[in-house]
Number of protein chains: 2
Amino acid sequence: MEELDVFDLRLLAAIQAKGDMTQAELSEIVHLSPTQCARRLQRLRTDGYVRDIVAILDPERLGINIIAHTLVGLRNHDDETGKAFRGFIEAADEVVECWSQTGDADYLLKIMVKDLGELASLIERLITAVGGFASLRSFVALKAIKRTTTVPIRA
Amino acid sequence: MEELDVFDLRLLAAIQAKGDMTQAELSEIVHLSPTQCARRLQRLRTDGYVRDIVAILDPERLGINIIAHTLVGLRNHDDETGKAFRGFIEAADEVVECWSQTGDADYLLKIMVKDLGELASLIERLITAVGGFASLRSFVALKAIKRTTTVPIRA
DNA sequence: CCGCTTGCGCATGTTTCTTGCGCGGCGATT
DNA sequence: AATCGCCGCGCAAGAAACATGCGCAAGCGG
């Protein structure tokens, strides 16, 4: 629970870039013995610095050709509407991320689908599920994914 | 390079949720021998289905309290401006994702910073780096992260 | 100045991974 | 309809990676 030193930061940066490295490989990066790398990594994990380790799949390879970011503004801000919205988001596999916003819109959704038809279908279902919106504006990136960078987060 | 069967999909879904499972654990999930799990996983990897395996760190634990989504519209769409913008994004560690957009704005940035000061500083630097914008609208989520779901992607 | 604590690297036992092998099912060719 | 060849499966042994106990050295407080 203490402060992180330079070795910890190097470890975190390393596993954030590549999470399946062996202790020996980590050892060469952070300049620490393999044993110590393992120990510190375990401590970082139990202390909650590492949320989890996941595989990033290739969207195109799986037929995911459209990644859309959609701003959603709810007409009513009562509990009922919010609950319906949350429920829909929770159940929809196409919605990969859901962020609460301040400003013009209430939520920002990140949606991954195969084609425009699926996207339209999703939006349609969302509208009917919640029962109409004051504003629904979609910013669709038509195969126009420039890049998705995941840079090391340093404290 | 062939089609994926139900075992492959189960494997992908499993490692997408938890990427550091042992072969024995995977075996129980997909109902296949550990050896075969390993072999199929290797094939999926060499065939490009698995982009990479990364560790997801806890932002708050690292002092990242603000996750902002910012829409950026470039004033000029010439090569020079675009190159300056790309260069800045590439160098800025705070910018975690950068999506090209169609519609009102040109880019959607996902920014992770410690506090509002850092965010303001980043925006300031971005503006000076590219040399002014036609429109720069920021949607800041003030500790208002509702949830970040990563659901299994099924083909 | 001494003893305690903490973090380090080494070595060993254990788990996990990899790879060669034989078996069985399924489609194609005749 | 029978056989041949191919592909995917599980098993087992060798290899690699991991976990843990130990002694040592540095930093700190008494």
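No hydrogens, no waters, no symmetry mates; every other heavy atom, side chains included, goes into these values. So that the names make sense, note that chain A is the first sequence line, chain B the second, and so on, each numbered from 1.
- With contacts defined as side-chain heavy-atom distances shorter than 4.5 Å, the pair A:Trp99/A:His69 does not qualify.
- The distance between atom CG of A:Leu26 and atom C1' of D:dA16, rounded to the nearest whole Å, is 16 Å.
- Distance, A:Arg40 CZ to C:dC8 C1': 10 Å, rounded to whole Å.
- Under the side-chain contact (heavy atoms from CB on, under 4.5 Å) criterion, B:Ser121 pairs with B:Arg125, not counting sequence neighbours.
- What you find for B:Val95 and B:Leu122 is that their closest heavy atoms are CG2-CD2, 4.3 Å.
- Across every non-hydrogen atom of B:Val72 and B:Leu109, the tightest pair is CG2-CD1, 3.9 Å.
- Counting only distance, with no hydrogens or angles, the side chain of A:Ser27 and the backbone of A:Leu32 share a donor-acceptor pair below 3.5 Å.
- Ionic pairing of B:Asp47 and B:Arg45 is not present here: no N-O contact between side-chain nitrogen and carboxylate oxygen is shorter than 4.0 angstrom.
- With sequence neighbours excluded, no residue satisfies side-chain contact (heavy atoms from CB on, under 4.5 Å) with B:Lys83.
- Rounded to a whole Å, the CD atom of A:Gln36 is 4 Å from the P atom of C:dC8.
- In this structure, the CG atom of B:Asp20 is 17 Å from the P atom of D:dA17, given to the nearest Å.
- When the C1' atom of D:dC18 is taken as reference, atom CD of B:Glu25 falls 14 Å away, rounded to whole Å.
- At the phosphate of D:dG8, neither OP1 nor OP2 sits under 4.0 Å from any side-chain N or O atom of B:Arg43.
- The rotation axes computed at either terminus of the helix from C:dC1-D:dG30 to C:dT30-D:dA1 lie 20° apart, taking five pairs at each end and rounding to 10 degrees.
- More than 12 heavy atoms of other residues, nucleotides or ligands lie within 6.0 Å of CD in A:Glu25, so this atom counts as buried by the packing criterion.
- In this structure, the CG atom of B:Leu32 is 9 Å from the C1' atom of D:dG10, given to the nearest Å.
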Got a list of protein N/O to nucleotides 24-28 of chain C N/O distances below 3.5 Å?
none

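- Expressed to the nearest 0.5 Å, how far CG of B:Asp58 lies from CG of A:Asp52 amounts to 10.0 Å.
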Annotated protein contacts, base or backbone, on nucleotides 11-22 of chain C with a non-hydrogen cut-off under 4.0 Å, one of B, S, - each: B----SSBBB--
Under 3.5 Å, side-chain donor or acceptor atoms of residues 5-14 of chain B against the rest of the protein: list the pairs with distances, not counting sequence neighbours.
residue, atom, partner, partner atom, Å
B:Asp5, OD1, B:Phe7, N, 3.3
B:Asp5, OD1, B:Asp8, N, 3.0
B:Asp5, OD1, B:Arg40, NH2, 2.6
B:Asp5, OD2, B:Arg40, NH2, 2.4
B:Asp8, OD1, B:Arg40, NE, 3.1
B:Asp8, OD2, B:Asp5, N, 3.3
B:Asp8, OD2, B:Arg40, NH2, 3.4
B:Asp8, OD2, B:Arg43, NH2, 3.3
B:Arg10, NH1, B:Val30, O, 2.7

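- The nearest pair of heavy atoms linking B:Cys98 to B:Tyr107 is SG-CD2, 3.9 Å.
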